[in-house]
Amino acid sequence: YLNLGFRMTAAAGSDFPWGSTIGEVRTFVYTGKEFTADTWFNGLKAGHTFVTNGPTLFLEADHQLPGTEIIKTKGSATHLSVKAASHPGIGNITRVAIYNNDGLVIERLNPAKRNSLTINLSHKINKSQWLTAVVYCDNGAVAHTSPIYFIVDSQPTWDKEKAPAII
């Protein structure tokens, strides 16, 4: 859907009896320093979210949260920061990855089985795109952020050439 231009907010839910357990996948919303029902709903509406069945995952681009639209010029760079954390009882992190509409941007493996893993990257922006982060654990636990959207020259974040094949 992202490659067709849909703006999506990562939000989790349970579908009992078709899912495994009620409440096993959660939606986390960035609310800032103050938590209220209003800040939670505003953060959800803005797409400042990640979903998880265990590990935590934080993504920023130029200090902006998931769900944000960032205007860039062609050839400029953005600073990406990703931090994933887990506990062996939740699942050992095997890798953290950043994806955009062209596929894998970068991944960091975790052979030492550390409880947290970070990626800091200067990413060149040559076209409009969406970008998201994912953490994978050895037991199947996973977390996924909502996308951050980069707009270059007022062009859409989806690929006009790839869209017909997707459709």
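Just so it is clear, the structure is predicted and the values come from calculations on it, not from any experiment. Numbering of residues begins at 1 and proceeds along the displayed sequence. Basis for what follows: all heavy atoms, side chains included, without hydrogens, waters or symmetry-related copies.
A continuous path of ILVMFWY side-chain contacts below 4.5 Å connects I167 to Y1, so both sit in one hydrophobic cluster. Criterion: ILVMFWY side-chain heavy atoms under 4.5 Å apart, direct or through other members. Under it, I70 and Y30 are part of a common hydrophobic cluster. The hydrophobic cluster containing L109 does not contain V135, counting ILVMFWY residues as joined when their side-chain heavy atoms lie under 4.5 angstrom apart, directly or transitively. Each of L104 and L121 belongs to its own hydrophobic cluster when Ile, Leu, Val, Met, Phe, Trp and Tyr are linked at side-chain heavy-atom distances under 4.5 angstrom. Taken together through direct or relayed side-chain contacts under 4.5 Å among Ile, Leu, Val, Met, Phe, Trp and Tyr, V82 and I106 form part of one hydrophobic cluster.
Residues Y149 and G67 share a closest heavy-atom pair of CD1-O, 4.3 Å. The minimum heavy-atom distance linking S146 with G47 is given by the pair CB-O, 3.2 Å. Nearest heavy-atom pair, D62 versus K72, reported as atom, atom and distance to 0.1 Å: OD2-NZ, 2.7 Å. Residue L117 comes nearest to R108 through the heavy atom pair CD2-O, 3.5 Å, listed as atom of the first residue, atom of the second, then distance. Across all non-hydrogen atoms, the minimal contact from A141 to N53 is CA-OD1, 3.2 Å. Scanning all heavy atoms of the two residues, the minimum distance from E34 to T39 falls at O-OG1, 3.1 Å.
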**Report entry** side chain to side chain contact (heavy atoms under 4.5 Å, CB included) evaluation trace for Y99 with V105
**Finding:** CA-CA 5 Å; Y99 295 93; V105 173; 5.7 Å; no
**Report entry** Working for side chain to side chain contact (heavy atoms under 4.5 Å, CB included), residues T52 and V142
**Finding:** CA-CA 6 Å; T52 184; V142 64; over 6 Å; no
Query raised in the report: For L2 and M8, what are the C-alpha separation, side-chain angles and deciding distance, and is it a side chain to side chain contact (heavy atoms under 4.5 Å, CB included)?
Result: CA-CA 7 Å; L2 291 170; M8 300 183 68; 4.3 Å; yes
Query raised in the report: Please walk me through it: do E69 and I151 pass side chain to side chain contact (heavy atoms under 4.5 Å, CB included)?
Result: CA-CA 7 Å; E69 183 177 281; I151 307 300; 3.4 Å; yes
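With respect to K45 and D38, no salt bridge is recorded, no charged nitrogen being found less than 4.0 Å from a carboxylate O.
The closest side-chain heavy-atom distance from E107 to V96 is not below 4.5 Å. Taking 4.5 Å as the limit, some side-chain heavy atom of I98 sits within range of a side-chain heavy atom of L131. Contact annotation: the side chain of S116 approaches that of K83 to within less than 4.5 Å [non-hydrogen atoms, C-beta and beyond]. Between N115 and P88 there is a side-chain heavy-atom pair separated by less than 4.5 Å. Put simply, the side chain of K113 does not reach to within 4.5 Å of the side chain of I93, judged on heavy atoms. A heavy-atom distance below 4.5 Å is found between the side chains of V152 and I125. Between N120 and L80 the shortest side-chain heavy-atom distance does not fall below 4.5 Å. Annotation: side chain of T78 is in contact with side chain of F150 (closest heavy-atom distance under 4.5 Å).
The CD1 atom of I148 sits 7.0 Å away from the CG atom of L65 when rounded to the nearest 0.5 Å. In this structure, CG on N42 lies 9.5 Å from CG on L44, to the nearest 0.5 angstrom. With rounding to the nearest 0.5 Å, the separation of CZ in F28 from CH2 in W40 is 11.0 Å. Between N92 atom CG and D138 atom CG the span is 4.5 Å, to the nearest 0.5 Å. Residue S86 holds its OG atom at 13.5 Å from CZ of R114, rounded to the nearest 0.5 Å. Note: E60 CD to S81 OG = 6.0 Å, rounded to the nearest 0.5 Å.
Remark: the Q129 side chain and the N100 side chain contain an N/O donor-acceptor pair separated by less than 3.5 Å. Inspection of the N110 and T94 side chains reveals no N or O donor paired with an N or O acceptor under 3.5 Å. Defined by atom type and a distance below 3.5 Å, a donor-acceptor pair is missing between the side-chain atoms of T9 and T49.
The aromatic rings of F50 and F58 sit perpendicular, their planes meeting at an angle over 60°, well past the 30° parallel limit.
Although no hydrogens or angles enter the test, the distance criterion places no donor-acceptor pair under 3.5 Å between the side chain of H79 and the main chain of S122. Side chain of S128 to main chain of Q155: a donor-acceptor pair is present (N/O by atom type, distance under 3.5 Å, no hydrogens or angles).
The environment of F41 atom CZ is sparse: at most 12 non-hydrogen atoms of other residues, nucleotides or ligands sit within 6.0 angstrom. Other residues, nucleotides and ligands contribute more than 12 heavy atoms inside 6.0 Å of the NZ atom of K127. Counting heavy-atom neighbours within 6.0 Å of K162 NZ, excluding the residue itself, gives a total above 12.
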